[in-house]
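To start, the structure under review is shown below, and the notes come after it.
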Number of protein chains: 2
Amino acid sequence: MQTSPPRQPTLDEVAARAGVSRTAASRVINNLPYVSEAKRAAVEQAVRELGYVPNPTARALAGRRVGSVVLALSSDQPGLFADPFFAEVTVGISSFLEQTELELVLLLADTARGKERLRRLLGSRRADGVVLMAVHGDDPLVRLAEQTELPVVFGGLPLTGTPRWYVDPDNRGGARSAVEHLVRGGRRTIAMITGQPDLQAAVAREQGFREALTLAGLSPAALAPGGFTQAGGEAAMARLLTERPDLDAVFAANDGMALGALRALRRHGRRVPEDVAVIGFDDLGEARYADPPLTTVHQPVRALGHELARVLLAAIEGQDPSPLILPTRLTVRASAP
Amino acid sequence: MQTSPPRQPTLDEVAARAGVSRTAASRVINNLPYVSEAKRAAVEQAVRELGYVPNPTARALAGRRVGSVVLALSSDQPGLFADPFFAEVTVGISSFLEQTELELVLLLADTARGKERLRRLLGSRRADGVVLMAVHGDDPLVRLAEQTELPVVFGGLPLTGTPRWYVDPDNRGGARSAVEHLVRGGRRTIAMITGQPDLQAAVAREQGFREALTLAGLSPAALAPGGFTQAGGEAAMARLLTERPDLDAVFAANDGMALGALRALRRHGRRVPEDVAVIGFDDLGEARYADPPLTTVHQPVRALGHELARVLLAAIEGQDPSPLILPTRLTVRASAP
DNA sequence: CTGGCTTCTGGAAGCGCTCCCACACTTCCA
DNA sequence: TGGAAGTGTGGGAGCGCTTCCAGAAGCCAG
């Protein structure tokens with residue numbers, strides 16, 4: 001036997017207690033004009049006394065906004081979210097949303113079911129907006145996302161086309177700065193471990209790599225795909241060493257692959273950085289603790305999340321925020337001094 | 001000028017098209033009895049033709065369930081969610097929820113505002129249930145969570161008290177198995193790098209450490225807190241070496257600290273495992289790639305998420321699922337063969 | 001054929017809120 | 001001094017769904 005369930009007070013109860021109409025009470029709650037100071041005060045007191053909290057469900061049904069935004073990863077790799085990159089982005093988004101009343105819904109669409117859910121979501125007003133990340137190659141969701149009236153902000157560009165709203169790290173510039181650093185350090189035989197070719201970030205990093213080499217009058221010593229994983233990077237490095245035993249530097253499209261490369265180099269008896277310099281991309285904490293500590297292109301991951309949320313909010317509010325390219329910056333450590 | 005917004009069809013429209021009452025249509029949608037086969041078929045066809053999708057907001061308002069569960073981290077460390085542990089748990093939860101219609105709301109309550117939001121959430125029916133993780137020492141939310149009628153499942157036990165529903169890895173047993181392994185390997189002077197004393201997991205791991213030593217007729221060589229961070233682990237290891245230069249093994253309460261310990265040991269010229277064996281806890285991927293690869297207590301993190309979701313669902317459905325202790329298992333690698 | 005089941009059926013009352021609108025009362029300026 | 005414009009005020013119609021309830025229809029034992 002319980003005491004009667006302490007039902008949440010409703011707006012009607014607040015209004016009754018304050019001696020005003022529900023409409024007036026609603027205006028006070030939402031901080032709208034056309035309420036006298038006296039009534040405003042009365043309502044505010046009633047709210048305090050009753051511990052009133054607006055019911056977001058009712059609000060969503062009656063009004064336009066739903067009160068939540070979705071962070072969706074549309075990937076083909078189950079568990080991709082476990083990548084620390086996304087966790088950091090999520091923290092950034094969440095910390096921005098904390099200043100608002102919006103809730104963050106996580107939609108990890110890495111299965112057919114998940115994708116179906118995301119598709120349905122885009123076609124209906126069940127959230128106020130969507131941050132869409134990790135879209136691969138020809139993901140049909142990209143087109144869907146562009147057609148829906150729901151504001152969709154892309155975290156990272158899709159492989160083709162340019163969405164209306166996006167926030168993207170400067171992948172090309174970052175890759176370029178890495179290569180420039182290697183060239184400045186006297187390296188001439190520079191290879192690259194590339195990421196997945198159906199990810200725009202991987203393509204852009206490879207582009208930057210090639211550009212910088214061309215500008216320096218060099219050409220790539222070799223390239224090998226590493227699939228953005230540590231194991232893949234290790235294998236790729238081994239292949240590169242076979243192909244170009246004379247290479248004196250390698251640029252990996254992310255830190256995980258760079259760490260794998262370090263392992264492979266060690267196993268093959270190459271000293272880092274004396275024989276081979278290594279540069280990664282991301283700077284996600286693990287880089288600092290690598291052995292040797294990894295020189296890497298830092299990207300402001302948490303800021304990325306922050307900006308994604310900011311842009312999405314602006315879009316929801318009917319503004320037309322401009323897309324954003326976030327600067328990246330080379331962090332020099334021992335692996336490529 | 002836009003074409004008319006392609007509003008989502010409503011249940012009324014489905015009912016009209018199928019030539020039945022809204023009530024009947026609702027019954028079909030919810031798979032309830034008392035609808036003739038003929039009407040059922042008609043409604044199903046109308047649903048297909050119209051592409052009808054129930055509006056969860058309206059559903060939530062009218063019915064009892066809200067259609068979402070909350071994953072809340074009540075911590076004092078902003079950005080704690082960036083810890084790969086939580087990302088993995090989240091993946092586990094999400095993959096379980098994918099089989100249901102429930103959405104996952106993320107509430108990172110690491111600020112006063114966030115905690116206030118969590119408090120309000122617990123006091124209102126704005127979600128169907130809550131998974132609460134990372135509660136520290138005397139977090140007042142624990143009491144609140146126990147009082148609310150909202151089902152709350154704890155991921156990891158709070159420091160004091162035993163909640164009605166929880167899923168917890170076998171921290172004590174895992175720590176014990178680590179120490180037993182060290183003792184079996186001939187180590188006698190065993191130190192520990194402990195976690196934060198206001199986390200039950202840290203306390204339990206220290207307990208297991210002490211128990212196993214006692215059982216082996218030994219006593220702790222030394223203990224030093226490492227705050228669960230890599231940098232903290234590194235500093236702690238340095239202190240341990242000063243205090244007990246003769247130690248031949250160290251158990252760290254998580255992998256991050258163990259990695260820090262590896263660095264410190266290397267810097268101090270100790271060989272791992274020849275001079276000092278190192279064991280960590282968690283086995284989160286980074287352990288495999290450490291140098292040397294880290295022996296560590298594996299805990300089934302994704303399964304933890306999975307079970308949390310399962311238990312929560314059962315609780316929501318009015319059952320009284322039993323709490324769960326998930327087994328941990330020592331993974332032997334080179335740092336403590 | 002009657003009464004008592006069980007199975008259908010749909011009207012109507014909400015869930016708690018927002019917002020349109022009609023109306024009242026002030027200003028303020030031509 | 002009339003009325004346009006600005007400020008308060010609350011009634012009421014929804015938002016799209018679930019669910020209660022009253023009643024119709026079908027079925028079988030007595």
Side-chain angles (χ1 to χ4, degrees), chain A residues 5-44 46-47 50-68 101 103 120 123-128, chain B residues 5-44 46-47 50-68 101 103 120 123-128:
Chain A
R7 245 190 356 85
Q8 295 263 115
T10 72
L11 188 56
D12 277 304
E13 285 161 348
V14 170
R17 182 173 192 115
V20 304
S21 70
R22 177 169 15 121
T23 309
S26 172
R27 289 205 184 95
V28 174
I29 302 296
N30 294 292
N31 206 25
L32 295 173
Y34 304 128
V35 190
S36 64
E37 261 322 305
K39 300 212 165 185
R40 192 174 292 273
V43 171
E44 275 162 358
V47 165
L50 261 41
Y52 170 75
V53 177
N55 177 324
T57 304
R59 227 174 189 164
L61 186 57
R64 30 207 21 96
R65 59 211 144 303
V66 179
S68 67
E101 285 297 300
E103 288 190 324
R120 290 217 310 235
S124 64
R125 292 212 58 91
R126 297 160 62 187
D128 295 312
Chain B
R7 248 187 355 85
Q8 294 264 116
T10 71
L11 188 57
D12 277 303
E13 287 163 341
V14 170
R17 181 173 194 115
V20 305
S21 70
R22 194 200 9 260
T23 308
S26 173
R27 289 206 184 93
V28 174
I29 301 297
N30 293 293
N31 206 25
L32 296 173
Y34 302 130
V35 190
S36 63
E37 261 322 306
K39 300 214 167 186
R40 193 173 290 275
V43 170
E44 275 162 358
V47 164
L50 260 41
Y52 171 75
V53 177
N55 178 324
T57 305
R59 230 176 187 161
L61 186 58
R64 30 211 17 99
R65 60 213 142 303
V66 181
S68 67
E101 285 298 299
E103 288 191 324
R120 290 217 312 233
S124 63
R125 291 212 59 92
R126 296 160 63 188
D128 295 314

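Letters A, B, ... are given to chains in the order of the sequence lines, protein chains preceding strands, and every chain is numbered from 1.
- A heavy atom lying under 4.0 Å from DNA chain C marks the following residues of residues 30-38 of chain B, by number: B/Y34, B/V35, B/S36.
- Scanning all heavy atoms of the two residues, the minimum distance from B/A18 to B/A46 falls at CB-CB, 4.0 Å.
- You'll find the side chain of A/N55 stays beyond 4.5 Å of the side chain of A/Q8, heavy atoms only.
- For A/S26, the side-chain hydrogen bond (donor to acceptor under 3.5 Å, both in side chains) partners at least two apart in sequence or on another chain are A/N30.
- Applying the salt bridge (charged side-chain N to carboxylate O under 4.0 Å, His left out) definition to pairs two or more places apart or across chains, none involves residues 50-59 of chain B.
- Smallest separation of non-hydrogen atoms from B/L11 and B/I29: CD1-CG1, 3.9 Å.
- When every heavy atom of B/A15 is checked against every heavy atom of B/A25, the shortest pair comes out as CB-CB, 4.0 Å.
- With sequence neighbours excluded, no residue forms a side chain to side chain contact (heavy atoms under 4.5 Å, CB included) with A/A62.
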Side-chain atoms of residues 32-39 of chain B: list all donor-acceptor pairs with protein atoms under 3.5 Å, sequence neighbours left out, distances to 0.1 Å.
{"from": "B/S36", "atom 1": "OG", "to": "B/K39", "atom 2": "N", "distance (Å)": "3.4"}

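- With sequence neighbours excluded, the residues satisfying side-chain hydrogen bond (donor to acceptor under 3.5 Å, both in side chains) with B/R22 are B/D12.
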For this session: List the protein contact pattern of nucleotides 10-15 of chain C with one symbol per nucleotide (5' to 3'): B for base contact, S for sugar-phosphate-only contact, - for none; contact means a heavy-atom distance under 4.0 Å.
Result: BBBBBB
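- The separation between A/R65 atom CZ and D/dC15 atom P is 17 Å, rounded to whole Å.
- Partners of A/E44 according to the salt bridge (charged side-chain N to carboxylate O under 4.0 Å, His left out) rule, which considers only residues two or more places apart in sequence or in another chain, do not exist here.
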Output a table of nitrogen or oxygen pairs between the protein and nucleotides 23-26 of chain C separated by less than 3.5 Å.
none

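- Each end of the helix from C/dC1-D/dG30 to C/dC29-D/dG2 gets its own axis from five base pairs, and the two axes differ in direction by 50°, given to 10 degrees.
- Here B/P56 lies out of heavy-atom contact (under 4.0 Å) with every strand.
- A salt bridge between B/R120 and A/E101 is present, with a side-chain N of the basic residue lying under 4.0 Å from a carboxylate O of the acidic one.
- Scored by the side-chain hydrogen bond (donor to acceptor under 3.5 Å, both in side chains) test, B/R17 finds B/E49 as partners (sequence neighbours excluded).
- B/R126 pairs by the side-chain hydrogen bond (donor to acceptor under 3.5 Å, both in side chains) definition with nothing, not counting sequence neighbours.
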